[in-house]
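For reference, the structure discussed in these notes is given below.
Naming: A, B, ... by sequence-line order, numbering from 1 per chain.
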Amino acid sequence: MRIENIITGAVKRFFLEKEFHLSDISVVQLQKTRREFKGDITLVLFPFVRLMKKSPDEVGHELGLYLSGLPEIKSYNVIKGFLNLEIQHSYWTGFVAEAAADDQYGQKNKQDKRETVLVEFSSPNTNKPLHLGHIRNNLLGYSISLILEANGMNVKKVNLVNDRGIHICKTMLAWQKWGENKSPADEGVKGDHFVGDMYVKFEKAYRSEVDELVKTGMSEEEARGEAPLIKEAREMLRKWEADDPATIELWKQMNGWVYEGFDITYRRLGVSFDQIYYESETYHTGKTIVEEGLKKSVLKKKEDGSVWADLRDRGLDEKLLLRSDGTSVYITQDLGTAVLRHKDYNADKMYYVVGNEQDYHFKVLSIILDELGFDWADSLEHISYGMVELPSGKMKSREGKVVDADNIIDEMIETAGKLSDELGKLEGISEGERKEIVENIAMGALKYFILKVDPKKNMVFNPEESIDFNGNTGPFIQYTHARICSLLKKSAQQGVLPANYDLSGITLSDKEKRVASLLHEFPIVVHEAGNSCSPALIANLIYDLAKEYNQFYHDHPVIREEDLSLRNFRLHLTLLTGNVISKGMGLLGIEVPEKM
RNA sequence: GGUUCCGUAGCUCAGCUGGAUAGAGCAACAGCCUUCUAAGCUGUGGGUCCCAGGUUCGAAUCCUGGCGGAAUCACCA
């Protein structure tokens with residue numbers, strides 16, 4: 001049993017015996033003892049002071065004495081309102097030996113009746129390449145999927161591709177006008193970038209048309225609607241919705257180019273999906289649902305033919321679901337997608353990893369599904385994450401103020417390679433292996449940089465200062481792992497680890513205990529990370545662990561330790577730390593090399 | 001303007017279900033490689049936890065009100 005549960009149970013027994021009524025188990029507050037005091041776990045006494053009507057000091061000593069009766073408690077001390085408990089070293093050595101032998105440590109066993117959960121993430125538009133914001137989305141979604149899986153759930157990763165709409169038509173039109181009938185292969189560029197360039201060309205030309213019109217005295221808003229290019233794009237959208245063969249063919253070709261490009265980026269990011277939904281397929285379902293809602297009079301049609309959901313009695317406004325010309329809007333297809341997914345998977349939970357700019361959208365989506373009578377409407381959960389900002393503010397595609405995903409990946413790899421060479425780290429290994437390690441380090445740096453931040457918060461990325469490889473970074477943790485691998489390899493060469501050793505005769509240093517204690521927390525943190533959908537919790541723990549282990553490594557000999565029991569304990573500690581780092585980083589989607 | 005989120009060291013971030021003297025990294029400076037990988041370790045300096053009230057034995061954490069920033073409230077996605 002875990003020590004927290006042992007202590008909590010004993011505290012409850014104490015009060016039961018004394019015939020005091022503990023109103024709520026949460027009054028048993030345990031925390032890690034601060035470094036400056038002696039002990040491992042601290043019980044906060046204040047909640048009991050009132051109950052027992054005694055001074056904190058008296059309460060502390062009575063409880064301390066009682067808890068000392070536990071075989072796991074070595075000693076106690078009371079400082080102010082805190083009871084510091086020192087745990088028997090054999091508890092830690094026993095824990096380390098047991099956990100080191102468990103290759104599933106930190107993972108919840110898969111149960112027969114598992115909850116099925118859907119995680120939607122990525123959800124790109126097919127008119128431009130991915131940027132740093134999308135990277136955050138993809139990494140979060142993928143990592144959260146892994147974490148939920150580690151918590152015993154049956155996870156399905158889904159992607160919803162935004163492959164239709166006016167923005168797609170803009171790229172098609174631009175290609176017809178200025179593409180010179182060329183393909184990405186002709187130009188030697190990735191398909192998504194090729195199409196993205198078309199989009200930029202369109203926006204530029206459109207902008208100057210609008211400017212011209214404004215000069216003639218037209219209002220900005222009117223000019224935006226009257227510019228010849230936008231009219232042409234609209235006409236193309238109309239043709240697309242009417243299944244015009246030539247338009248559909250062009251659409252398929254250009255989207256195909258984009259997908260080829262996305263596939264490369266996804267592969268480099270190491271993310272994958274179990275199923276891909278396409279908006280061009282799901283929006284039909286959305287329309288059908290809206291028609292049904294209209295029949296049931298849950299929704300209403302205005303004189304101009306547009307369809308609305310009236311959410312004013314829910315404290316919100318009216319929401320448009322179909323335009324007056326009958327075409328669908330964003331939320332229409334999201335309604336359809338949700339229904340389709342529920343049909344496909346009957347999931348207990350449907351998570352949407354989408355930026356916090358869409359908080360309102362998802363609030364409305366849930367409510368409308370509920371109004372339409374879907375009893376699973378409350379199974380939707382928006383995992384809302386903050387924006388990635390530049391030092392100058394938010395990224396803006398239209399102003400070219402973006403950090404391109406492929407670009408940043410290339411730069412990271414280049415920097416990692418350069419650094420490896422400078423440090424002479426990868427001498428004497430094959431070119432293929434070198435490439436793999438350098439990529440792992442580069443991606444480790446990028447992924448950790450993004451995932452260590454609380455998802456809810458906006459974060460700042462400064463392109464001028466490239467991502468670090470020292471300190472609180474992915475490579476720092478990877479390096480610790482590589483060191484551990486190297487050490488274990490050497491120890492294996494010198495003799496095998498015995499199965500048993502005397503666990504009780506070992507005296508641990510503070511650093512050894514701290515490492516053990518962090519390892520001890522791992523399963524709890526995996527659980528919390530799953531509950532709160534926050535990979536950052538895992539990132540923070542693994543960093544603390546790596547840092548603590550490095551200090552241990554610096555101060556304590558492992559292989560060279562002459563006391564056999566101690567040596568074996570340290571080897572186990574090392575082995576378990578390596579496992580936990582590897583497992584924890586794995587949950588972030590980060591690979592840990594065996595050497596670097 | 002309404003609603004929501006955010007404000008912690010020069011910079012990037014932890015800590016937030018209330019607990020002891022608020023922590024890391026980067027940047028700056030000073031040290032440590034004949035010994036298990038120095039992408040490491042050690043030390044120094046750096047704080048009005050935006051402000052003001054309130055609740056409490058105890059507030060960076062909870063509540064109220066300001067100030068500052070962001071998002072959203074589209075027949076855009």
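- Separation of atoms OG1 (A:Thr126) and CZ (A:Arg164) is listed at 11.0 Å; rounding is to 0.5 Å.
- Among the heavy atoms of the strands lying under 4.0 Å from A:Gln358 is at least one base atom, whether or not backbone atoms are also near.
- Counting non-hydrogen atoms under 4.0 angstrom, A:Thr42 reaches a base of the nucleic acid.
- Side-chain N/O atoms of A:Asn84 and A:Thr42 include a donor and acceptor closer than 3.5 Å.
- Near RNA chain B, meaning a heavy atom under 4.0 Å from it, residues 483-490 of chain A has A:Arg483, A:Ser486, A:Leu487, A:Lys490 in order of number.
- Using a 4.0 Å heavy-atom cutoff across all strands shown, A:Ile441 reaches at least one base atom of the nucleic acid.
- Distance NZ/A:Lys38 to CG/A:Asp510: 10.0 Å, rounded to 0.5 Å.
- Using a 4.0 Å heavy-atom distance criterion, A:Asp334 is classed as making no nucleic acid contact.
- No hydrogens or angles considered: nothing links the side chains of A:Glu411 and A:Thr415 as a donor-acceptor pair under 3.5 Å.
- A distance cut-off of 5.5 Å between ring centres, combined with a plane angle under 30°, leaves A:Tyr543 outside any stacking arrangement with the base of B:A24.
- No contact: A:Leu322 has no heavy atom under 4.0 Å from any strand.
- Using a 4.0 Å heavy-atom distance criterion, A:Glu221 is classed as making no nucleic acid contact.
- The side chain of A:Arg164 places no N or O atom within less than 4.0 Å of a non-bridging phosphate oxygen (OP1 or OP2) of B:A77.
- A stacking contact links A:Phe82 to B:A20: the aromatic ring centre lies within less than 5.5 Å of the base's six-membered ring centre, and the planes differ by less than 30°.
- Remark: A:Lys80 is in phosphate contact with B:U21, judged by side-chain N or O atoms under 4.0 Å from OP1 or OP2.
- Contact annotation: A:Arg35 side-chain N/O to B:A22 OP1/OP2 distance is not under 4.0 Å.
- Using a 4.0 Å heavy-atom distance criterion, A:His556 is classed as a base contact.
- Comparing B:C73, B:U37, B:C41 against the side chain of A:Tyr479 picks out B:U37 as the nearest.
- Heavy-atom minimum distance, A:Met395 versus A:Leu132: CE-CB, 3.8 Å.
- The residue A:Tyr360 sits close only to the backbone: its heavy atoms come under 4.0 Å of sugar-phosphate atoms, none of a base.
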Any N/O pairs under 3.5 Å between the protein and nucleotides 27-33 of chain B? List them or say none.
none

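- Of the two residues near RNA chain B, A:Pro475 and A:Pro47, the one whose nearest nucleotide lies more 5' is A:Pro47.
- With hydrogens and angles left out, the side-chain atoms of A:Thr480 and A:Asn550 include a donor and acceptor closer than 3.5 Å.
- The side chain of A:Asn550 lies closest to B:C41 when the candidates are B:U37, B:C41, B:U56.
- The residue A:Phe476 sits close only to the backbone: its heavy atoms come under 4.0 Å of sugar-phosphate atoms, none of a base.
- The aromatic rings of A:His61 and A:Tyr76 sit perpendicular, their planes meeting at an angle over 60°, well past the 30° parallel limit.
- A:Arg34 has a side-chain polar atom (N or O) that falls below the 4.0 Å cut-off from OP1 or OP2 of B:G23.
- With hydrogens and angles disregarded, no donor-acceptor distance shorter than 3.5 Å links the side chain of A:Asp468 to the backbone of A:Asn470.
- Using a 5.5 Å limit on the distance between ring centres and a 30° limit on the angle between planes, the aromatic ring of A:Tyr553 does not count as stacked on the six-membered base ring of B:G40.
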Each nucleotide of nucleotides 4-15 of chain B classed B (base within 4.0 Å of a protein heavy atom), S (only sugar-phosphate) or -, in 5' to 3' order, makes ---S----SSS-
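- For the P atoms, the distance from B:U21 to B:U61 is 16 Å, rounded to whole Å.
- For A:Val329, taking side-chain heavy atoms from C-beta onward, the closest of the listed nucleotides B:C36, B:A20, B:A77 is B:A77.
- The aromatic rings of A:Phe46 and A:Phe82 lie perpendicular to each other, with more than 60° between the two planes, well past the 30° mark.
- Of the inter-residue distances, the one linking A:Lys128 atom NZ with A:Ile168 atom CD1 reads 9.0 Å to the nearest 0.5 angstrom.
- Closest approach of A:Ile559 to A:Lys490, counting heavy atoms only: CD1-CB, 3.7 Å.
- In this structure, A:Asn84 and A:Lys547 both approach RNA chain B, and ranking their closest nucleotides by distance from the 5' end singles out A:Asn84.
- In this structure, A:Ser420 reaches the bases: a heavy-atom distance under 4.0 Å links it to at least one base atom across the strands shown.
- A straight line from CD1 of A:Ile79 to C1' of B:G19 spans 14 Å, rounded to a whole angstrom.
- In this structure, A:Asp325 reaches neither bases nor backbone, as no heavy-atom distance under 4.0 Å exists between it and the strands shown.
- An OP1 or OP2 oxygen of B:U42 is reached within less than 4.0 angstrom by a side-chain nitrogen or oxygen of A:Gln551.
- Side chain of A:Lys394, nearest nucleotide from B:A20, B:A71, B:C41: B:A71.
- There is a side-chain donor-acceptor pair under 3.5 Å between A:Asp325 and A:Thr327.
- Classification of A:Glu203 and A:Arg224 as a salt-bridged pair fails, no side-chain N sitting under 4.0 Å from a carboxylate O.
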